[in-house]
Amino acid sequence: MDKALVAAENALARGADWLDIGGVPFAPGPPVSIEEEIDRVVPVIEGARSRTDAVISVETYRPEVARAAFAAGADVLNNTSGLHDPALADAVAEAGATLIITHSLADPRTPYPRPRYDDVVTEVAEFLRRRAALAEKHGVPADRIIIDPGHDLNKNTYHSLELTRRLPEIAQLGYPLLVAVSNKDFIGETLERDQQDRVEGTIAALVVSIMSGARIVRVHDVAEAKAAVNMVESILGWRPPAYVRHNLV
């Protein structure tokens, strides 16, 4: 827990305004019980909440963990399994929290080899539209739903590149759009870079995504990404410069 809290503090010091906390990875691996997952995430959420007013999300596919996380101070459920369990939406609605719905085809922690799409963008958009409608049916207001096209999740590099190129079609759904492209494999395969050496590719993907409608970005290299985001926002007229002295005298 101490390492997790240090990581959270470091992220905040580098400019993060949102912390995402999870106890079980998306990828297949050894089983983790509900009780163990709760034991992993709740103390970190409680510790982070005592230190900051920043947004805190919990990444889980289990309604029981979501409820425990909300009780500990989390604001958002980040569900990377595409709302496979509608009871997750019930937990969000009960807590008055916010829900991130991510496109993915596989059941939680299940491999999905060689994913195929006739049109990846159209199919992802339709999936997200249907799952958002399901969440609303379970009591989550539309203004508390965020969508994520799920770069690399059950997608190959060509799929993720096309999603990035045609991201405005996902943004047209009308929900706030989150992208999680940081250090992803599609960047590594495109640039032939190891995971720890993808910051330039990540920043390029972030800039294109913001210009295409993304309004929330999930990153690892916070300081570098924050500077890039601030610059894009200033170019677009959303953020004033930190100061202006050049050619004023």
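Position 1 is the first residue of the sequence, and the numbers go up from there.
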Without swapping roles, check the side chain of [X] against the backbone of [Y] for a donor-acceptor pair under 3.5 Å.
X: Arg215; Y: Leu178; result: no
X: Asn79; Y: Thr60; result: yes
X: Ser104; Y: Thr80; result: yes
X: Arg144; Y: Leu99; result: no
X: Thr110; Y: Pro108; result: yes
X: Ser234; Y: Arg239; result: yes
X: His138; Y: Ala135; result: no
X: Glu123; Y: Asp119; result: yes
X: Arg14; Y: Val222; result: no

Exercise for review: Test Asp221 against every option in Asn183, Ile203, Thr202 by the side chain to side chain contact (heavy atoms under 4.5 Å, CB included) rule and name the one that passes.
Suggested key: Asn183

Point to revise | side chain to side chain contact (heavy atoms under 4.5 Å, CB included), paired with Val24, selected from Val32, Val65, Ile34 | key: Val32

Review point. Among side-chain atoms of His220 and Ser182, is any donor-acceptor pair under 3.5 angstrom?
Key: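 On atom types as modelled, these side chains qualify, holding a pair under 3.5 Å.
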
Please round to the nearest 0.5 Å and tell me the distance separating atom [atom1] of [X] and atom [atom2] of [Y].
X: Ile170; Y: Thr164; atom1: CD1; atom2: OG1; answer: 10.5 Å
X: Asn154; Y: Arg114; atom1: CG; atom2: CZ; answer: 14.5 Å
X: His84; Y: Tyr61; atom1: NE2; atom2: OH; answer: 7.5 Å
X: His159; Y: Leu161; atom1: NE2; atom2: CG; answer: 10.5 Å
X: Ser209; Y: Ile216; atom1: OG; atom2: CD1; answer: 13.0 Å
X: Lys184; Y: Thr157; atom1: NZ; atom2: OG1; answer: 11.5 Å

On a heavy-atom basis, which atom in [X] and which in [Y] lie closest, and how many Å separate them?
X: Gly201; Y: Leu191; answer: CA-CD1, 3.6 Å
X: Leu5; Y: Gly47; answer: CD2-C, 3.7 Å
X: Ile56; Y: Ala48; answer: CD1-CB, 3.9 Å
X: Ala225; Y: Leu206; answer: CB-CD1, 3.8 Å
X: Val41; Y: Gly22; answer: CG1-C, 3.6 Å
X: Pro115; Y: Tyr112; answer: CD-O, 3.7 Å

Check your understanding: Step by step, would you call Val58 with Leu77 a side-chain contact (heavy atoms from CB on, under 4.5 Å)?
Key -> CA-CA 5 Å; Val58 59; Leu77 169 60; 4.2 Å; yes

Are [X] and [Y] in one and the same hydrophobic cluster, where Ile, Leu, Val, Met, Phe, Trp and Tyr link if side-chain heavy atoms are under 4.5 Å apart?
X: Val121; Y: Val179; result: yes
X: Val120; Y: Phe186; result: yes
X: Ile45; Y: Val55; result: no
X: Leu173; Y: Leu177; result: yes
X: Leu163; Y: Tyr175; result: yes

Exercise for review: Mark yes when over 12 heavy atoms from residues, nucleotides or ligands other than Asp143 sit less than 6.0 Å from its CG; otherwise mark no.
Suggested key: yes

Practice item. Step through the shown structure and confirm whether more than 12 heavy atoms of other residues, nucleotides or ligands are within 6.0 Å of CD on Glu192. Key: no

Do the non-hydrogen side-chain atoms of [X] and [Y] ever get within less than 4.5 Å of each other?
X: Lys155; Y: His103; value: yes
X: Ile147; Y: Pro176; value: no
X: Ile100; Y: Thr102; value: yes
X: Arg67; Y: Glu94; value: yes
X: Thr52; Y: Leu19; value: yes
X: Trp18; Y: Asn78; value: no
X: Val92; Y: Phe70; value: yes
X: Arg62; Y: Ile38; value: no

**Study point:** Residue list, salt bridge (Lys or Arg N to Asp or Glu O under 4.0 Å) with Glu136, at least two apart or on another chain
**Key:** none

Tell me whether [X] is salt-bridged to [Y], with the criterion being a basic N under 4.0 Å from an acidic carboxylate O.
X: Glu126; Y: Arg129; result: yes
X: Asp185; Y: Arg193; result: no
X: Arg49; Y: Asp75; result: yes
X: Arg218; Y: Glu59; result: yes

Practice item. Would you sort out whether Ile146 and Ile101 count as a side-chain contact (heavy atoms from CB on, under 4.5 Å), showing the intermediate values? Key: CA-CA 6 Å; Ile146 297 167; Ile101 303 174; over 6 Å; no

